[in-house]
Protein chains: 2
Amino acid sequence: MDLKPLDALKLWHDVVLDTVRRDVPDLSARQLAILLTVYLEPPPHTVRGLASKLDVSKPAITRALDTMGQKDLLKRKRDDTDKRNVLVQRTVAGSVYLSELSDTIISKAKDHLA
Amino acid sequence: MDLKPLDALKLWHDVVLDTVRRDVPDLSARQLAILLTVYLEPPPHTVRGLASKLDVSKPAITRALDTMGQKDLLKRKRDDTDKRNVLVQRTVAGSVYLSELSDTIISKAKDHLA
DNA sequence: GAATTCCGTTTCGGAGCCGGATCAGTCTAC
DNA sequence: GTAGACTGATCCGGCTCCGAAACGGAATTC
């Protein structure tokens with residue numbers, strides 16, 4: 001793999017610019033980090049676990065789940081075996097959102113990594 | 001270039017997670033977009049031009065320049081030929097910041113695009 | 001040289017997010 | 001069964017950012 005510094009920044013620039021312009025579901029870096037973690041890493045995902053992994057406070061995770069839940073990008077589910085836990089789960093809308101993000105990345109990558 | 005959707009998202013995940021954890025100069029997506037534009041696209045860069053390119057309001061650009069100026073990532077310079085204009089210019093600290101970002105991207109890319 | 005246009009900034013009220021402390025509910029040890 | 005540990009949610013004061021509108025200064029038009 002041969003990715004030069006300038007190419008890496010240009011790729012980042014193109015993708016960030018694209019997401020800023022069509023800011024539709026405007027996610028903060030933290031929210032995006034949560035979304036990607038839930039979709040890419042093996043479950044289960046708890047509030048505490050996510051807070052630890054991202055090194056942020058628990059309320060930050062709870063609030064992010066609130067806002068992303070409203071946008072239907074994620075959903076909560078109470079753990080039946082231990083009702084203290086909340087399991088964070090995927091949704092169809094979340095999958096679509098990330099699918100579009102990967103499309104953007106791949107499209108922009110083609111321009112720089114040809 | 002052969003970048004699969006899952007690899008693209010994993011790359012994004014790793015880099016975003018890295019920037020969230022060491023949130024030192026915590027830049028919003030917009031601020032990062034401004035920074036990358038100024039450093040990657042040919043000058044001159046004006047407030048109005050940046051607002052148009054990112055499709056955001058002028059005050060948003062002004063405020064972003066304020067905060068990033070405090071962090072010394074960018075600097076303003078009055079245009080001598082037309083004193084209405086403000087030219088946005090690079091700084092050493094900004095170059096260092098983006099250099100570290102590209103290092104992170106390249107490092108994470110190696111894991112997925114080997 | 002007065003009126004108009006253009007530029008970046010500031011003001012304004014409002015919305016979102018922040019972390020520490022605290023809370024109610026659940027599970028575990030004894 | 002009761003005391004303690006643990007989970008996620010909520011409260012709190014504070015900070016950042018938002019866009020529309022209004023502003024002052026500079027350039028242009030006539």
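Since this is a predicted model, take the numbers as computed values, not measurements. Here is the naming used below: chain letters follow the sequence lines, and residue numbers restart at 1 for every chain.
Contact check for A:K10 versus A:D111: no side-chain heavy atoms found under the 4.5 Å cut-off. Side-chain contact check for B:L73 versus B:Q31: every heavy-atom pair is 4.5 Å or farther apart. The closest side-chain heavy-atom distance from B:L98 to B:S102 is not below 4.5 Å.
Across all strands shown, A:K58 has heavy atoms under 4.0 Å from base atoms, whether or not it also approaches the sugar-phosphate. Among the heavy atoms of the strands lying under 4.0 Å from B:R48 are primed sugar atoms or P, OP1, OP2 only; no base atom is included.
Between B:R30 and D:dC18 there is a side-chain polar atom (N or O) within less than 4.0 angstrom of OP1 or OP2. Distances shown here put every side-chain N or O of A:R63 at or beyond 4.0 Å from the OP1 or OP2 atom of D:dA9. Neither OP1 nor OP2 of C:dG16 sits under 4.0 Å from any side-chain N or O of A:Q31. Look at B:T62 and you'll find a side-chain N or O under 4.0 angstrom from OP1 or OP2 of C:dT9. Phosphate contact (OP1/OP2 of D:dC6, side-chain N/O of A:R84, threshold under 4.0 Å): absent.
Residue-to-nucleotide proximity on DNA chain C shows that, of A:V56 and B:T46, the 5′-proximal contact is made by B:T46. Between B:G49 and A:A64, the residue whose closest nucleotide on DNA chain C is further toward the 5' end is B:G49.
Atom NZ in B:K77 sits about 16 Å away from atom C1' in C:dG8, given to the nearest Å.
The base of C:dG25 has none of its N or O atoms less than 3.5 Å from a complementary donor or acceptor on the side chain of A:R78.
Not one N or O on the side chain of A:R90 forms a donor-acceptor pair closer than 3.5 Å with the backbone of A:L35.
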